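Structure record follows, encoded as structure tokens.
So that the names make sense, note that chain A is the first sequence line, chain B the second, and so on, each numbered from 1. Since the model is a prediction, treat every value here as computed from it, not as a measurement.
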Amino acid sequence: MNNMQNFTKGFFKENPVLVQLLGMCPTLGVTSTAMNGLGMGLATTFVLLMSNISISLVKNFIPDKVRMPAYIVIIASFVTVVDLVMSGYLPELHEKLGLFIPLIVVNCIVLGRAEAFASKNGVVSSIFDGLGMGLGFAMALTMLGSVRELIGSLSLFGFKLIDADGILLFILPPGAFLALGFLIAFINHLRKTA
Amino acid sequence: MAKKESTLFNMVSSLVIVTLVASTTLGYVYELTKGPIAEAMLAKKIKAIDEVVVAYDNNPVDEMYKIQVEGSKDSLEVYPAKKEGKLVANAIRTFSPKGYGGDVWLMVGLLPDGSINNLAVLEHKETPGLGSKMNNEDFKNQFLSKNPSSFNLKVKKDGGDVDALSGATISSRAFGQATQLAFDTYMKGGQHE
């Protein structure tokens with residue numbers, strides 16, 4: 001598989017959210033607005049990229065039996081870096097995503113890519129894989145956030161489109177499941193017909 | 001290069017190295033972001049104070065003092081806003097533990113006689129779209145320039161004067177409660193001149 005495929009597979013063919021159904025906790029939890037989805041997606045992309053790079057670099061120095069704790073320490077460190085930097089420089093976004101940032105540690109996409117890809121491949125392909133998967137995750141979260149924000153509060157990225165109340169259900173947790181279900185059905189339809 | 005074998009020495013040494021590098025990096029990033037984080041929190045506080053008090057020329061954060069809440073261990077922070085040395089308003093950081101999703105923190109601006117100048121929500125975990133609307137002007141406007149000694153801060157359902165947010169009676173109750181706490185505490189223990 002070449003690097004271009006490593007990169008693009010995260011968007012459509014193996015999209016972590018819409019196809020692999022991984023990382024459902026942040027996906028359903030933070031996507032009440034498009035901006036939250038995008039912020040969470042980009043934070044995860046950063047962690048995924050950095051952890052993929054470091055794990056592919058150190059994979060030969062880490063004995064098999066302790067690879068999981070070692071990977072978790074590496075991932076948790078990058079998550080803490082994101083958490084600190086965000087609360088210092090982007091306090092408003094941090095306030096909204098606050099609870100979910102530490103949860104990136106246990107996001108199975110990050111550990112999944114470390115185990116399934118970075119621990120078996122070189123640095124360059126791991127960079128492409130991390131970027132592709134991360135941006136695919138960000139794309140899915142932004143799409144879901146946009147749909148929920150559009151129906152739930154009739155606005156997009158914070159801009160009010162129609163001055164009225166939306167369908168509240170879509171802002172609440174059940175709306176996340178409904179919107180995600182329709183989104184997956186739509187993507188599956190596209191994949192089958194394409 | 002071949003993978004290292006899982007001998008005890010290899011396992012222990014590789015984990016020690018990984019954790020050592022990780023903790024050094026984190027210590028460094030922590031030092032780096034300590035300043036900006038403190039600044040961001042201060043900026044947020046000052047913004048909330050500015051929102052709830054009238055024009056002032058002192059530094060309310062430096063003159064902050066605490067008042068013990070009657071019958072509890074908690075104390076509220078009071079930020080006095082002064083103009084030409086005269087007290088014009090107070091921003092009081094207050095809370096209610098009875099929100100729908102936990103604590104609700106407000107910044108309440110009280111004039112020296114105790115009447116409400118303005119309110120700002122600092123922190124809450126209320127339902128988005130229902131309780132979170134307590135930050136809206138429509139809801140807050142009913143409190144402005146009211147004096148809690150004559151304006152009953154309970155919701156109408158409980159015999160008070162507050163129009164509750166629809167679908168969020170508990171949040172509205174907590175909002176009134178926090179404001180009442182700020183008023184009671186300030187009238188009892190605050191500086192009035």
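- Under the rule for a ring-ring contact (aromatic ring centres under 6.0 Å, His included), Tyr56(B) has no partner lying at least two apart in sequence or in another chain.
- Phe182(A) and Met139(A) are assigned to two separate hydrophobic clusters, defined by single-linkage of ILVMFWY side chains at heavy-atom distances under 4.5 Å.
- Between atom CD1 of residue Ile62(A) and atom OG of residue Ser13(B) there is a gap of 10.5 Å, rounded to the nearest 0.5 Å.
- Of the listed residues Glu39(B), Lys44(B), Glu123(B), the one with more heavy-atom pairs under 4.5 angstrom with chain A than any other is Lys44(B).
- Following chains of ILVMFWY side-chain contacts shorter than 4.5 Å, one can reach Met187(B) starting from Leu153(B), so the two form part of one hydrophobic cluster.
- The local environment of NZ in Lys160(A) is crowded, with over 12 non-hydrogen atoms from other residues, nucleotides or ligands closer than 6.0 Å.
- Around OH of Tyr100(B), the count of heavy atoms belonging to other residues, nucleotides or ligands within 6.0 Å does not exceed 12.
- Residues Phe137(A) and Leu22(A) share a single hydrophobic cluster, defined by chaining ILVMFWY side chains whose heavy atoms lie under 4.5 Å apart.
- Of residues 77-92 of chain A, those residues lying under 4.5 Å from chain B by any heavy-atom pair are Ser77(A), Thr80(A), Val81(A), Leu84(A), Val85(A), Ser87(A), Gly88(A), Tyr89(A), Pro91(A).
- Hydrophobic clustering (side-chain heavy atoms under 4.5 Å, transitive across Ile, Leu, Val, Met, Phe, Trp, Tyr) keeps Val147(A) apart from Met143(A).
- Residues Val18(B) and Ile74(A) have side chains in contact (heavy-atom distance under 4.5 Å, counting atoms from C-beta outward).
- Atom OH of Tyr65(B) sits in a crowded spot, with more than 12 heavy atoms from other residues, nucleotides or ligands closer than 6.0 Å.
- Using a 4.5 Å cut-off on side-chain heavy atoms (C-beta onward), Leu15(B) and Pro69(A) make contact.
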